[in-house]
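Here's the structure we're looking at; comments come further down.
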Amino acid sequence: MTALIDIPEAQAFILHWGEMGNQWGVNRSVSQVHALLYLSDRPLHAEEICDALGLARSNVSTALKELQSYRIVRRTHVAGDRRDHFVAESDLWDLLTNVVTERKRREVDPTIAMLDKLAAELRDRKDVPAHVRERIVQMQEFMGTLAGWYDDVRRLPKSTLVTLMKLGSKVARFIPGKAKSDS
């Protein structure tokens, strides 16, 4: 089997995925490990990942733990080999929903909890400028609405999500009384 890293397009994908990881707030090594596993047609063990990407074993180990916490990489076993092997989620919808679910849990949920606490504290405060109270409450309501929308959409079957995505902005025509330019 030709090593993935020897295929120029695979190498370009792995490098780009690493760069994009940085833009998304994910360590470059984590993103590169994910890209390698995603492209691989078989489970890889940590030493193979180290060799393919030129990463230290500690970096690969950390990356694999992070990717497993997102549920986009899982540990598997290969008959006749005692080492742990790893495979990436190949269903792109499952990949997307797992990443978004984990990001929501890590980033959005704590923000909503903090906004809920601040809004409750500000409710009866008269010594705080009204605009500060209003903006925090607006942000709390907005983030709560966004999280509620996400929870509703997350429960939809994959086939419905695909259809909604393909509809794009055309979905607005199903909303009674809404003009195309409403925002």
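Values reported hereafter were calculated over all heavy atoms of this structure, with side chains retained and with hydrogens, waters and symmetry mates removed.
Although no hydrogens or angles enter the test, the distance criterion places no donor-acceptor pair under 3.5 Å between the side chain of S61 and the main chain of S58. In this structure, T101 contributes its side chain and T97 its backbone to a donor-acceptor pair below 3.5 Å. Formation of a donor-acceptor pair under 3.5 Å by the Q68 side chain with backbone atoms of L64 is found in this model.
Residue V33 is tested with V30, L37, L36 for a side chain to side chain contact (heavy atoms under 4.5 Å, CB included); the sole match is L37.
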Side chain to side chain contact (heavy atoms under 4.5 Å, CB included) for F86 and V73? Distances and angles first, verdict last. CA-CA 7 Å; F86 300 89; V73 164; 4.0 Å; yes
Applying side chain to side chain contact (heavy atoms under 4.5 Å, CB included) to L4 and S40, what does each step give before you reach the verdict? CA-CA 7 Å; L4 281 173; S40 182; 3.9 Å; yes
Tell me, with the steps shown, if R57 and E47 meet salt bridge (Lys or Arg N to Asp or Glu O under 4.0 Å). CA-CA 7 Å; R57 180 67 168 87; E47 290 76 24; 3.5 Å; yes
I72 and H34: side chain to side chain contact (heavy atoms under 4.5 Å, CB included), yes or no, with the steps? CA-CA 8 Å; I72 60 175; H34 177 256; 3.7 Å; yes
Between D109 and K104, is the side chain to side chain contact (heavy atoms under 4.5 Å, CB included) condition met? List the steps. CA-CA 6 Å; D109 292 348; K104 179 186 174 288; 2.7 Å; yes
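More than 12 heavy atoms of other residues, nucleotides or ligands sit less than 6.0 Å from atom OH of Y150. The environment of NZ in K117 is sparse: at most 12 heavy-atom neighbours from other residues, nucleotides or ligands sit within 6.0 Å. Applying the 6.0 Å contact sphere to CE of M143 captures more than 12 heavy atoms from other residues, nucleotides or ligands. Surrounding CZ of R74 are at most 12 heavy atoms belonging to other residues, nucleotides or ligands under 6.0 Å away.
Criterion: ILVMFWY side-chain heavy atoms under 4.5 Å apart, direct or through other members. Under it, V137 and I112 are not part of a common hydrophobic cluster. V99 and W17 end up in the same hydrophobic cluster when Ile, Leu, Val, Met, Phe, Trp and Tyr side chains are linked at under 4.5 Å. Under the 4.5 Å side-chain heavy-atom criterion for grouping Ile, Leu, Val, Met, Phe, Trp and Tyr, W93 is connected to V171 within one hydrophobic cluster. Hydrophobic clustering of Ile, Leu, Val, Met, Phe, Trp and Tyr side chains at less than 4.5 Å, counting indirect connections, keeps V87 apart from L96. Hydrophobic clustering keeps M20 apart from V100 (ILVMFWY residues linked when any side-chain heavy atoms are closer than 4.5 Å, directly or through intermediates).
Taking each heavy atom of G18 and S31 in turn, the nearest pair found is CA-CB, 3.7 Å. Of all heavy-atom pairs spanning A119 and I136, the tightest one is N-CG2, 4.2 Å. The two atoms that bring S29 and N27 nearest to each other are N-OD1, 2.7 Å, heavy atoms only.
Between D81 and H85, the closest side-chain pair of non-hydrogen atoms falls below 4.5 Å. Side-chain contact between E19 and R28 is present, with heavy atoms from C-beta onward closer than 4.5 Å. Under the 4.5 Å side-chain criterion, counting only non-hydrogen atoms from C-beta, K158 is in contact with D91. Between R173 and L167, the closest side-chain pair of non-hydrogen atoms falls below 4.5 Å. Counting heavy atoms from C-beta on, the side chains of D116 and Q140 come closer than 4.5 Å.
Distance check: R133 CZ to Q138 CD gives 12.5 Å after rounding to the nearest 0.5 Å. One finds the CD1 atom of I14 at 6.0 Å from the CG atom of L53 (value rounded to the nearest 0.5 Å). Distance NE2/H45 to CZ/R82: 13.5 Å, rounded to 0.5 Å. Summarising the geometry, atom CG belonging to L122 is positioned 10.5 Å from atom CG belonging to L115; distances are rounded to the nearest 0.5 Å.
Judged by the 6.0 Å and 45° rule, R106 forms a cation-pi pair with Y70.
Between Y38 and F13, the two ring planes are tilted [angle within 30° to 60°].
Salt-bridge check for D94 with R71: failed, with every basic side-chain N at 4.0 Å or more from each acidic carboxylate O. A salt bridge between E48 and R83 is absent, with no side-chain N of the basic residue lying under 4.0 Å from a carboxylate O of the acidic one. A salt bridge does not link E121 with R125: every distance from a Lys NZ or Arg NE/NH1/NH2 to an Asp or Glu carboxylate oxygen is 4.0 Å or more.
For the residue pair N98 and E89, no side-chain donor N or O sits within less than 3.5 Å of a side-chain acceptor on the partner.
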